[in-house]
There are 2 protein chains.
Amino acid sequence: MVTLKELAKLLNVSVSTVSKALSDSSEIGENTKRRVTELANELNYKPNRIAQQLKSSKTKVVGVVVPSLMNPFFAEVVHGIETTLGNHNYDMTVCISNESLEKEQRSFDLLSTGSVDGFIVAVARETQTKHDIKHFESVSRTTPIVMFDRVLNDVACSKVVVDDFETVYQATKYLIQEESRKHLLLISNIEELSVGKQRIKGYTKAMEEATFKPSVLKLDDELSPDEVILKYLKENSNIDAIISIDHITGIMALNMVKKIDKDVPNDISIIGFDYVDSKFVSSPKISVVNQKGFKIGQTSAELLLDELNSKNRVKHKTIMVKSQLSLNGTTQKK
Amino acid sequence: MVTLKELAKLLNVSVSTVSKALSDSSEIGENTKRRVTELANELNYKPNRIAQQLKSSKTKVVGVVVPSLMNPFFAEVVHGIETTLGNHNYDMTVCISNESLEKEQRSFDLLSTGSVDGFIVAVARETQTKHDIKHFESVSRTTPIVMFDRVLNDVACSKVVVDDFETVYQATKYLIQEESRKHLLLISNIEELSVGKQRIKGYTKAMEEATFKPSVLKLDDELSPDEVILKYLKENSNIDAIISIDHITGIMALNMVKKIDKDVPNDISIIGFDYVDSKFVSSPKISVVNQKGFKIGQTSAELLLDELNSKNRVKHKTIMVKSQLSLNGTTQKK
DNA sequence: TGCAAGCTCTTTAAGTGTGACCATTGTCTT
DNA sequence: AAGACAATGGTCACACTTAAAGAGCTTGCA
């Protein structure tokens with residue numbers, strides 16, 4: 001690894017001359033500049049980023065802490081983050097909390113000691129249920145944090161949220177009003193998360209407005225969720241629409257409906273949540289709420305970059321990224 | 001951010017005393033040690049990692065460069081990498097090449113200037129087709145690289161590969177010998193990748209050994225791959241088994257077979273490639289080749305850590321992670 | 001003509017936080 | 001009194017940036 005010092009020695013000039021020449025400073029003569037840049041190119045000199053970081057106390061690195069990468073929604077968000085950061089010459093250090101509070105805390109501890117300029121985080125399930133926010137509070141005093149999707153309202157930081165309530169409310173209303181469905185079932189495996197609660201609320205409100213009785217099938221930690229769904233459908237043969245609030249159970253329900261020889265979408269409509277492969281693995285292609293994970297990642301990164309690059313501390317913002325109802329083959333209308 | 005210098009000032013001792021006290025050096029008196037550690041805890045002192053990195057010229061960070069995170073296989077591998085690195089107190093900087101050679105080069109350029117101690121990479125599609133390996137060669141002179149899955153044989157570095165050939169060979173043989181299938185179709189959307197080529201070879205060999213004619217349906221960049229599959233199945237009604245060599249077309253084929261009113265697995269057996277959600281989105285649960293992405297990530301990380309922590313340069317290894325045939329509902333036997 | 005002032009180019013020095021290494025001080029033992 | 005030893009301090013290096021100082025030249029004006 002060639003350094004400024006070595007270049008300086010070879011050229012018989014001082015280190016600072018080399019440094020300035022390479023940054024094209026007006027203080028340095030054209031002649032010297034040329035000599036320096038030529039040798040630098042020849043020896044393939046690249047400034048050592050660690051030294052630059054120490055000097056400037058900026059790393060151009062963002063810490064991204066997510067519960068999982070196997071969940072395609074988070075994978076998509078992280079992709080959006082990476083793309084945006086890359087466009088601004090920032091790197092990202094990814095930590096996976098595995099939904100564990102302790103792992104999340106450890107990541108924040110490790111990275112907050114100069115390793116990153118800021119954080120983008122979706123809080124772990126355990127953090128949300130235990131509501132332990134100390135690690136966020138201490139870090140946010142010195143380092144900007146942006147939360148997305150899984151958000152803690154009482155942490156003072158910028159946030160990017162999805163309009164969970166509204167989206168599911170609209171989806172439910174659509175099924176009631178446009179497709180005249182009357183017996184709508186909601187399937188959930190995430191009702192202990194804030195996003196899950198919001199989605200269930202949206203469904204419940206739409207149902208109550210239509211004076212229908214809401215029914216929610218919870219699937220947490222079921223060994224065979226598909227069989228639970230199948231049993232439920234058999235025992236409640238009047239179900240004529242299903243809303244799933246995660247990316248997987250909608251497709252599962254679609255397969256189970258086929259098993260009891262009902263037709264989708266004629267007998268039963270289904271709306272699920274989007275993920276990258278949902279249009280490939282379901283037949284007919286499932287109608288979904290598209291959460292715009294990439295956009296969420298993009299927005300989070302932009303928000304953080306704004307905070308990092310503005311000298312005067314900006315006020316924390318909360319941005320809502322609108323989901324989109326994308327109707328395909330498991331609903332009747334387009 | 002409190003520093004050694006500040007602690008020293010507050011305690012009226014020198015910086016080096018504080019430094020030694022905190023590293024529990026025997027040179028420092030118990031009394032002083034106690035005073036120092038107490039104040040350090042009180043002020044929540046954490047050594048600045050950037051400074052440590054500059055001093056030691058080690059970052060304890062690994063650069064991970066993958067073509068995509070939306071591909072569940074890579075997401076799984078990255079998860080394995082993160083877990084293993086975390087256990088050794090290493091962090092990871094993730095870059096997504098998006099299958100682009102140029103983006104991959106940029107990532108290597110940026111990170112190889114002191115930012116990371118080593119790399120784990122699955123090479124981009126474009127890199128593999130254009131066979132441009134300069135960025136690997138120049139970096140590998142100073143920084144260890146481990147390649148996984150998508151591997152370049154002529155780059156001198158450690159590798160973690162999947163036994164693609166053998167796995168598909170065995171899967172094909174299983175269908176021929178144990179289930180007496182005679183008209184086996186292979187569906188592929190990755191045949192330009194080295195892994196795809198190997199898998200097709202495995203299938204072809206097994207078919208030729210049984211004196212059956214191999215037939216490969218290629219789906220690259222198809223607008224409606226499902227319809228192509230459907231059409232093929234209609235026109236070739238003698239097909240009695242399907243092997244898919246990616247994570248998605250197997251499930252797609254399963255859905256299409258259902259459409260032509262054939263029974264899986266009685267009329268047609270299907271074997272696909274595993275991914276995290278495949279058992280949830282298919283009905284019956286698809287029989288798969290399980291690629292052990294987590295294990296691959298783990299192995300790659302361990303290999304790299306070995307190289308980083310051994311003083312004498314170790315010889316490059318190539319480790320094969322065995323896939324596993326996991327038979328579920330789309331084949332006849334267990 | 002003399003010399004201060006100004007200009008261009010370059011070097012010196014200080015600083016970022018840490019830690020290895022060596023030096024210094026003081027106390028105690030023999 | 002000298003050596004042993006414990007405790008602490010000082011210096012330098014890591015690679016880079018940058019403010020300030022300095023060197024060497026030209027210019028302008030009395």
Side-chain angles (χ1 to χ4, degrees), chain A residues 1-37 39-40 43-61 89 110-117 142-143, chain B residues 1-40 43-61 89 110-117 142-143 311:
Chain A
M1 199 99 287
V2 46
T3 66
L4 284 185
K5 198 198 272 185
E6 296 173 279
L7 291 181
K9 199 167 201 175
L10 289 168
L11 292 164
N12 272 318
V13 292
S14 75
V15 171
S16 49
T17 304
V18 180
S19 171
K20 285 178 186 167
L22 289 174
S23 56
D24 202 27
S25 157
S26 61
E27 299 176 60
I28 303 296
E30 289 305 323
N31 227 338
T32 317
K33 273 189 199 170
R34 198 162 11 80
R35 289 209 307 139
V36 171
T37 47
L39 186 67
L43 300 186
N44 193 29
Y45 168 81
K46 298 266 166 60
N48 182 314
R49 271 179 82 193
I50 303 294
Q52 288 180 317
Q53 290 172 9
L54 180 61
K55 186 80 230 254
S56 65
S57 62
K58 289 195 176 151
T59 62
K60 292 237 170 193
V61 177
N89 288 312
L110 247 80
L111 296 182
S112 62
T113 52
S115 297
V116 300
D117 294 344
T142 56
T143 315
Chain B
M1 199 99 290
V2 47
T3 67
L4 285 185
K5 199 197 270 184
E6 294 173 278
L7 290 181
K9 199 166 200 176
L10 289 169
L11 292 164
N12 271 317
V13 294
S14 75
V15 171
S16 42
T17 303
V18 179
S19 171
K20 285 177 193 166
L22 289 175
S23 56
D24 201 28
S25 156
S26 62
E27 299 177 62
I28 301 296
E30 289 306 322
N31 225 338
T32 315
K33 273 189 198 168
R34 199 164 10 83
R35 287 208 310 138
V36 172
T37 47
E38 267 170 19
L39 186 67
L43 300 186
N44 194 27
Y45 167 81
K46 298 268 169 58
N48 182 315
R49 268 180 83 192
I50 304 294
Q52 288 180 317
Q53 289 172 9
L54 180 61
K55 189 90 230 289
S56 65
S57 63
K58 290 195 176 150
T59 62
K60 291 235 168 195
V61 177
N89 288 310
L110 248 79
L111 295 183
S112 62
T113 52
S115 296
V116 300
D117 294 344
T142 56
T143 315
K311 205 68 206 173

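Residue numbering restarts at 1 for every chain, and letters A, B, ... go by the order of the sequence lines.
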| Where along residues 30-40 of chain B does a heavy atom fall under 4.0 Å from DNA chain D? | Thr32(B)
| task | Any chance you could list the contact pattern along nucleotides 15-22 of chain C? Use B for base contacts, S for sugar-phosphate-only contacts and - for none, protein heavy atoms under 4.0 Å, 5' to 3'. | result | BBBBBBBB
| For the helix from dT1(C)-dA30(D) to dT30(C)-dA1(D), what angle lies between the axis at the first five pairs and the axis at the last five pairs, to 10 degrees? | 80°
| Out of curiosity, Leu7(B) CG to Lys9(B) NZ, how far, rounded to the nearest 0.5 Å? | 12.5 Å
| With sequence neighbours left out, what residues match Glu6(B) under salt bridge (charged side-chain N to carboxylate O under 4.0 Å, His left out)? | none
| Atom pair OG/CD1 of Ser16(A) and Ile28(A) - distance to nearest 0.5 Å | 7.5 Å
| request: Walk along DNA chain D from 5' to 3' and tell me the first and last nucleotide with an atom closer than 4.0 Å to a non-hydrogen atom of chain B. | output: dA7(D) to dA15(D)
| request: Could you grab the distance from atom CG of Asn44(B) to atom CE of Met1(B), nearest 0.5 Å is fine? | output: 7.5 Å
| How many angstroms lie between OG in Ser56(A) and CD1 in Ile50(B), if you round to the nearest 0.5 Å? | 9.0 Å
| message | I'd like to check Thr143(B) versus Leu111(B) (side-chain heavy atoms, cut-off strictly below 4.5 Å). Are they in contact? | response | no
| task | Hey, could you give me the OG/NZ distance between Ser14(A) and Lys20(A), rounded to the nearest 0.5 Å? | result | 7.5 Å
| request: Check whether any side-chain heavy atom of Thr3(A) sits under 4.5 Å from a side-chain heavy atom of Asn48(A), and report yes or no. | output: no
| Heavy-atom distance under 4.5 Å between the side chains of Leu39(B) and Tyr45(B), does that happen here? | no
| task | Indicate yes or no: at least one non-hydrogen side-chain atom of Lys60(B) is less than 4.5 angstrom from one of Leu110(A). | result | no
| note | Separation between OG (Ser19(B)) and NZ (Lys5(B)), nearest 0.5 Å, reads 14.5 Å
| All salt bridge (charged side-chain N to carboxylate O under 4.0 Å, His left out) counterparts of Lys33(A), not counting sequence neighbours | Asp24(A), Glu30(A)
